[in-house]
4 protein chains.
Amino acid sequence: MAEQRFRGVIPPVITPLTAAREFDEKSFENNVKRMLEAGVHGLFFLGSTGEVAFATAQRRREVLEAAVRVVDGRVPVLAGIVDIQTDRMVENAREAQAIGVDAIVATAPFYALSSEKEDEANFRAIHDAVDLPLFAYDLPVCVHKKLGIDLVMRLAKDGVLAGVKDSSGDDVNFRYLCAANQEAGSPLSVMTGHEVVVDGAYMAGADGSVPGLANVIPRPYVEQWEAFQAGNWEKVREIQDYLARVMRVALVAKATRGFGVGVGGFKTALMLMGVIESNQMPRPVEALEGEDMEAVRHILTAEGLL
Amino acid sequence: MAEQRFRGVIPPVITPLTAAREFDEKSFENNVKRMLEAGVHGLFFLGSTGEVAFATAQRRREVLEAAVRVVDGRVPVLAGIVDIQTDRMVENAREAQAIGVDAIVATAPFYALSSEKEDEANFRAIHDAVDLPLFAYDLPVCVHKKLGIDLVMRLAKDGVLAGVKDSSGDDVNFRYLCAANQEAGSPLSVMTGHEVVVDGAYMAGADGSVPGLANVIPRPYVEQWEAFQAGNWEKVREIQDYLARVMRVALVAKATRGFGVGVGGFKTALMLMGVIESNQMPRPVEALEGEDMEAVRHILTAEGLL
Amino acid sequence: MAEQRFRGVIPPVITPLTAAREFDEKSFENNVKRMLEAGVHGLFFLGSTGEVAFATAQRRREVLEAAVRVVDGRVPVLAGIVDIQTDRMVENAREAQAIGVDAIVATAPFYALSSEKEDEANFRAIHDAVDLPLFAYDLPVCVHKKLGIDLVMRLAKDGVLAGVKDSSGDDVNFRYLCAANQEAGSPLSVMTGHEVVVDGAYMAGADGSVPGLANVIPRPYVEQWEAFQAGNWEKVREIQDYLARVMRVALVAKATRGFGVGVGGFKTALMLMGVIESNQMPRPVEALEGEDMEAVRHILTAEGLL
Amino acid sequence: MAEQRFRGVIPPVITPLTAAREFDEKSFENNVKRMLEAGVHGLFFLGSTGEVAFATAQRRREVLEAAVRVVDGRVPVLAGIVDIQTDRMVENAREAQAIGVDAIVATAPFYALSSEKEDEANFRAIHDAVDLPLFAYDLPVCVHKKLGIDLVMRLAKDGVLAGVKDSSGDDVNFRYLCAANQEAGSPLSVMTGHEVVVDGAYMAGADGSVPGLANVIPRPYVEQWEAFQAGNWEKVREIQDYLARVMRVALVAKATRGFGVGVGGFKTALMLMGVIESNQMPRPVEALEGEDMEAVRHILTAEGLL
């Protein structure tokens, strides 16, 4: 079964840059190996956290080639192929397949408005173009619409979708999606992208998590998954409280909003912890500095991570 | 401590109407007594579920007077004083105090736009006007803004707010609110209003729940609370899955959207179960009928409730 | 024809308050008489500008009784009956009719979500309850939905609606509404509520305007209407440029957002110009002061209004 | 002065496709020549109407190379370089410059959230990368934020922006933008993208229009511009009423929403009028057919265009 390959903790991997905004492959390798050693069950490259929205065609290739080389088959490699519309995503999907990834992750189209009919055609066209499991990325904060359960399940039953990464922030819908999936014989891997409520997602029946924070602290997410598998809910909860405290590294910056605060916080934490060289961000975003960097440092220190 | 009075399951009570859209006090009494017998820990009248938005001044009085009479001190009576702006809410608060309720529940102002400064002044003015614990009702789907954690905690530390009813659908924020509250010595009762993810809210540290569905099935929510208090998470989860299935009575209707589907579904279920006389709705909403009623009946039958 | 009574400039009248937040009837009378002398064609009381959202039942009565007394039949008196839901608006409508107004203005319900079917039932219920022309108030910034042209025209053809006050900010829709109205034989008075683009609205076929700024400078709006009636578009445009400059009194304050800036700016201008006593605002809004007041004064001085 | 080159009617050109979804260069040439003969003052390729969101790198090149070849210097060629983030837009801008366009048009970044600081850095980075006049494309329906007047004027005064194409639907803001531009000595060409309210935009001080409908009926837009230049407002208005009627070809389809209805309507009209071969749309959008095509035909017939 397709979904059995995609269970557990599958972090969306950050894309380290040099000060000159080139791809920093050495830092990338450090970070990926650290997560593999922590026991993650898969890795998702070129997600929003992996700067897919900022990546030129060349950057996409660099990252995916490095990913396949470093992971070397130890866990599944998922590749984001996010782009504005279908034909571009099809191009990205073919490129990713040629590089050798194990699965692809796509959003609905997100510039010109479209109806659900067109969202459905989009996923079907991508599925038809390559021979790889396809995940739907449900991310209304960037894509500006929510994927409905009926659409997702119809695509799952037809073998178009192998999974969903849910970053919609809609926990009510998430529980009903998990229930609909189980009722249909679990054709989907249903993964949550919300770092601080993974416990609730596991209670709801999630097949795993895709936490950006696992770049910073991969091991606790793995331990939380293991506690969940063992039915040790008190430990699931206790770890979650810790994760929520550390997650503040991605919420604390004041100089900007959104992506720069979140991914900027992860990169800054990883730099302070010595995992990556620089906390540089892609244009037009600036790296955290000054008080924002100190705020991240303060959280890491308080949690014993420095 | 104020918050100790407001813990556990505190359902928002529906307001039964006769076919002629008068207040049906007998059905109201049946429904309230059934919940009291199930062991609920408080009752919240004139919430959104209780049709506060539709209620004239006279209807408000009828409901609160009946509430105080029927509950008769067995559990705390919370009264919604929701209105467009501050002066109206102050009037409603004074009226509710005169009738003898134990706490009041207010939103931010919601017609003319306002800033957080004005939301804060609103809650302070209401608190100053009466001598009752005040809950903030966080309901962006109706009020069109989210109450920030900093604002809520500032008001809690100043003794203005005794609690929050969170119906914001933002589980990430909810966990951080629970954490901030605990850090401050738990001045607030933090309650979730989302029927199908109460398990996640308890994991996050909620002090209780305000589930509209508890009108229909009060006992399982009480049992879930007791399981939570006993640390029996597997039972919390198992009950939650059942609750989510029954909650579809409030999601299944096709003839309208929003309030008419949700509260209309609760009322229709209660009528079919013989608890209330009619599933009538306030103008301009129509009661569920035909296929929509049959869909509710089908869910109740499948879950053994008819 | 009903619509012939409602043409031209019909300002939404502000509600002056004393420092103690009581209704300042003397300032109210000054302001109303000044607008009547300027030649306005109607007056709209208890609009958003008239603080309908903040008004208790008593304040509504005070304002409408003073309005009917001061206007004394010289122009039509329109009364806002805006409230959360239908039954409350019906109560307000009956009260307004008893006081003797000439027309009423209602929004769609705006707290619990509703469908267009319910919006339609809302307007029909209000129309059935009183014997007064009914205007629909299209104000998505407060009501959080847009009234569709099909709905509005269906209600117009059935004699339910006599007019629309459009404050939706959607000039494309406005032109199509004007066209649909003309095609149907002009059952509606279509009025724009946007002070700075009245020229475009007249080009699109509007029957008049409802400019809050006309409290401050009523005469230019009347002159603009007369230029429009005379086909003198160059003058319409020239006056519009002046109006846009003065309108900055309602945009310039920094201490708050929304209503407090706009109506607060009008009141501050009127106080500085000696028309009303105080720029006091209803709770929880604060009156403009300090730099914000100076900014308003600066604009008035630059335009020769002080 | 830069802005003097960009005045008048500058239609956003559709991108005709064959049934197999290849670029149909012959139809493209027909359509462009027809607009040139009608006297348009510039042409904007790869706008939203030109399917920029759907275009792969190859499609972008095909369209711009054909554009430069067919226009052959008769009017300025503007090229959309819209993409998700800065680095991609910089790549597109360089490619467009190499092909020989006269100006470029960019949006703010639109996937990962960003602050105004980042929007500003985005436009500055693009401006620095090429030696071409840069237009900002203000299109909240796709980009999900509005460009503020202060930002736009700051970039104009620094020579970063040469113009704005406003498709924001905010006519109040548009008037203030025109006023701010004139106050600053008119560094910007301020163009409206709203086909049916061009008259109001001209009243507000627009330097021209970018109407998608001008693919279908280019000559009336040119005549409207000339009437505006001559101060013949009655004719401006009369033409506008005609344009609004024909614009319904882009509003009438029922089978989908948004882009497919609008651009689908333009393409269907052009096919029915014999200007292009097929009304094919890019994946995942389907061409209008059946009742939707008949509805377009009916409008064209009623207006004497068939």
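Naming convention: chains lettered A, B, ... in sequence-line order (proteins, then strands); numbering from 1 in each chain.
For the set C:Ala121, C:Ala57, C:Ala53, the count of heavy-atom pairs under 4.5 angstrom toward chain B peaks at C:Ala53. Heavy-atom pairs under 4.5 Å with chain C peak, among B:Val90, B:Asp83, B:Asn122, at B:Asp83. Among B:Val143, B:Ile84, B:Val82, the residue with the largest count of heavy-atom pairs under 4.5 Å with chain C is B:Ile84. Chain B forms the most heavy-atom pairs under 4.5 Å with one residue out of C:Ala55, C:Ala255, C:Ala125, and that residue is C:Ala55.
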query: Does the side-chain hydrogen bond (donor to acceptor under 3.5 Å, both in side chains) test come out yes or no for C:Asp170 and C:Ser168, once each step is laid out?
result: CA-CA 5 Å; C:Asp170 184 340; C:Ser168 72; 5.3 Å; no
Criterion side-chain hydrogen bond (donor to acceptor under 3.5 Å, both in side chains) on C:Glu286 and C:Thr256, from CA distance to verdict: CA-CA 9 Å; C:Glu286 288 177 29; C:Thr256 185; over 6 Å; no
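Side chains of C:Ser48 and C:Tyr137: a donor-acceptor N/O pair is present below 3.5 angstrom, by distance only.
Using a 4.0 Å cut-off between charged side-chain N and carboxylate O, C:Arg88 and C:Glu91 make no salt bridge.
In this structure, the portion of B:Glu116 lying under 4.5 Å from any heavy atom of chain C is its backbone and not its side chain.
Aromatic ring centres of B:Phe45 and B:Phe28: separated by under 6.0 Å.
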